[in-house]
Amino acid sequence: MTDSSACFVQHIVPRIAEVPFHQQEAYRLHITADSVILEATTAKGLYWGQQTIRQIKQTINGKKVLQGCEIIDWPAFSVRGFMQDVGRNYQSIQMLKEQIDVLSAYKMNTFHLHLTDNPGWRLESKIYSQLKNPETMSRWPGKYYSQEQFVELSNYCAGKNITLIPEFDVPGHSQAFREAFELDSMSDPSVRAILLGLIDELCSLLPPEQMPFIHIGTDEVWHAYEKPDPQLLSDLIDRIQSHGREVIVWRPGIEIQRDTVSITQLWSSNGHPKPGHRFLDSRLNYLNHLDPLAGVTQLFFERIGGAAHGDSIRLGGILCCWNDNNVNDEYDIIKQNPVYPGILTYAETSWTGQENEFGETYLAKLPEKGSELFNEFSAFEDRMIQHRDKYFTEKPFPYIKQANIEWKILGPIANDSDVDAKFPVENTLQENYQIDTTNYTWQGPFYGGTIHLTHFFGYPSNFPKEEGTYYAYTKIWSPKEQTAGAWIGFHDWSRSGGRRGGPFPKEGEWHNTQPKVWLNGKLVDAPKWNNPGVASSTEEIPFSDENYFFRKPSSIHLNKGWNEVLLKIPVKKDTWKRMFTFIPVQIENENVKEVPGLKYNSEINFKN
């Protein structure tokens, strides 16, 4: 160890020989008993090295110390980004800066700001002042960013080696725009001059060196009134290029005439790279669809751009937070989506890359226990928990170690669409069951605090997509008798499209599929809901307690020694998220942590 007050030297060097690509962001760190030497080819590289020093420093006996090491480090991808949608839900500058601070601390270099959407056009225009009028906005009326605030935010990013990418999403997602100009259609002849003027105004705010990219959307043009004049988007690209900027568009999106230059940002399973065009990958990483436990594993095993590292075509990826639904409070966007666990996971995978090519195999389930990939995830999980406890004590960080939790699962048992049907599993645990003419046996173990039975986006998971009733079993060993909290959830809810898969459960229900939880043979009560029975399509009714990770944990009583957990998980034909979560937690000053000393085992003591 060395006291960090020892000699700290930083050098700009012409090249770091061991670095194969992205020299401009690479660094070499050499720590000995008497010195800390940091080398890089650019000031940005030095900055990323400083973030590593911040992460590895320790305090021992009141002194800040660093362990001796030699690190040569460089990013796998040139673009490592995060996106927030402030068009649908406004976020204050202070809240955005908090997220930018986290991005910078973990070497993410791009902040994508989705400034416009149906509910509001959030960037002030001084030539078209009506865009900020409250009556044009269906949410957060009158909330927008002044041009001065936008410049301030870009400068804040630049000071932390982050590039801000502004997005004007047109011609779809344009209700607020049409309201401002009293337009019936985006094909109106006046649209071209207005949008060209807005592009000119945007580009006048910051030089190309600081704002090199302009995003113009182009996705989800589903209605006749959103379809533009065929020449419009080509003209926008030409104008953006005339200002010395690069153009980014969503894909899938409108095919643009004469477009040979755009960077395409891929956003769904139908988002395939456009031949000859550079691309950014956002296909698998929408935080508003991800639950923290399953979401972190998905992000960890995502292979960005389908390759181990970037190249002249594969620029990298942007993690996205589309909080489509209305919110009560702006900070609910951070509380009700796994933003900070997601950023830390994506920061690591976009910096290091994924050497192994396994496609979608582990996007919805963990690899086999003991395998190299499983051990890599478990080690990552331990690192992330250390950072949770060190740097996120005052920020929402909904993640608990889960790779050690194992389950046995039986089913699906055919239930003739009767989710209330009871089966012998609820009375006696047997090795197998003969029900009607079918034999059912326990399978597993499966690992994780959240288990996808079948994934809602079709990623390979643990069971085929079938209707019926599942049962899941685990044992928890507690070193003492205690009352603890537990995250418990079934078929959880995306923060998108209202309560997709609804209606929301009524009082006394865990879910509309009637799942149940037994701990040591006793039923665990469902929460008392704030909005019981709400219909599916309810985007304007904000979430408050729907998902396990942002409501008060359920109270469970653990005996000293082994405790048995049995879950009943019926699945209907239209059940969208076929999954369950059960994991003990403790809350310290609103932060979640593991309950100390617990052990897990899924071996069943069968009763004859």
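These numbers come from the heavy atoms of this one structure, side chains and all, not from hydrogens, waters or symmetry mates. Only a predicted model underlies this, so the values are computations on that prediction, with no experimental measurement involved. All residue numbers in this chain count up from 1 along the given sequence.
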Closer than 3.5 angstrom, by distance alone: can the side chain of [X] be matched with the main-chain N or O of [Y] as a donor-acceptor pair?
{"X": "Glu381", "Y": "Ala403", "answer": "yes"}
{"X": "Arg303", "Y": "Gln354", "answer": "yes"}
{"X": "Asn89", "Y": "Asn325", "answer": "yes"}
{"X": "Arg139", "Y": "Tyr90", "answer": "no"}
{"X": "Asn512", "Y": "Pro503", "answer": "yes"}
{"X": "Gln336", "Y": "Phe543", "answer": "yes"}
{"X": "Glu509", "Y": "Ala526", "answer": "no"}

- Can you check side chain to side chain contact (heavy atoms under 4.5 Å, CB included) on Val296 and Phe380, steps first, answer last? CA-CA 10 Å; Val296 161; Phe380 163 76; 4.0 Å; yes
- Task: Flag this pair as yes if the NZ/CZ of Arg500 is under 6.0 angstrom from the six-membered ring centre of Trp576 and inside a 45 degree cone about the axis; otherwise no.
- Result: yes
- Message: Is the terminal nitrogen or CZ of Lys408 (NZ for Lys, CZ for Arg) located under 6.0 angstrom from the six-membered ring centre of Trp442 and within 45° of that ring's axis?
- Response: no
- Message: Is any side-chain heavy atom of Glu546 closer than 4.5 Å to one of Asn531?
- Response: yes
- Query: Is Asp492 paired with Lys577 through a side-chain N to carboxylate O contact shorter than 4.0 Å?
  - Reply: no
- Message: Does this structure show an ion pair linking Lys593 with Glu588, if we count only N-O contacts that are shorter than 4.0 Å?
- Response: yes
[X] versus [Y], closest heavy-atom pair with distance:
{"X": "His511", "Y": "Phe490", "value": "CD2-O, 3.4 Å"}
{"X": "Asp219", "Y": "Pro252", "value": "CB-O, 3.7 Å"}
{"X": "Glu406", "Y": "Glu603", "value": "OE2-N, 4.5 Å"}
{"X": "Trp487", "Y": "Pro398", "value": "CH2-C, 3.7 Å"}
{"X": "Asn337", "Y": "Asn288", "value": "OD1-CA, 3.2 Å"}
{"X": "Val534", "Y": "Thr538", "value": "CG1-CG2, 3.3 Å"}

Under a 3.5 Å threshold, yes or no: a donor from one side chain and an acceptor from the other, between [X] and [Y]?
{"X": "His387", "Y": "Tyr106", "value": "yes"}
{"X": "Glu594", "Y": "Gln586", "value": "no"}
{"X": "Trp250", "Y": "Glu167", "value": "yes"}

- Would you confirm whether the ring centroid of Tyr340 sits within less than 6.0 angstrom of the ring centroid of Phe397? no
- Task: Check the pair Asp324 / Ser496 against side-chain hydrogen bond (donor to acceptor under 3.5 Å, both in side chains), numbers first and verdict last.
- Result: CA-CA 5 Å; Asp324 295 347; Ser496 172; 2.8 Å; yes
- So which of Phe374, Tyr346, Tyr362 actually passes ring-ring contact (aromatic ring centres under 6.0 Å, His included) with Phe301? Tyr362
- Message: Applying the ring-ring contact (aromatic ring centres under 6.0 Å, His included) criterion to Trp407, which one of Phe580, Phe446, Tyr447 satisfies it?
- Response: Phe580
- Query: Does the side-chain hydrogen bond (donor to acceptor under 3.5 Å, both in side chains) test come out yes or no for Glu220 and His173, once each step is laid out?
  - Reply: CA-CA 8 Å; Glu220 296 186 325; His173 300 268; 2.8 Å; yes
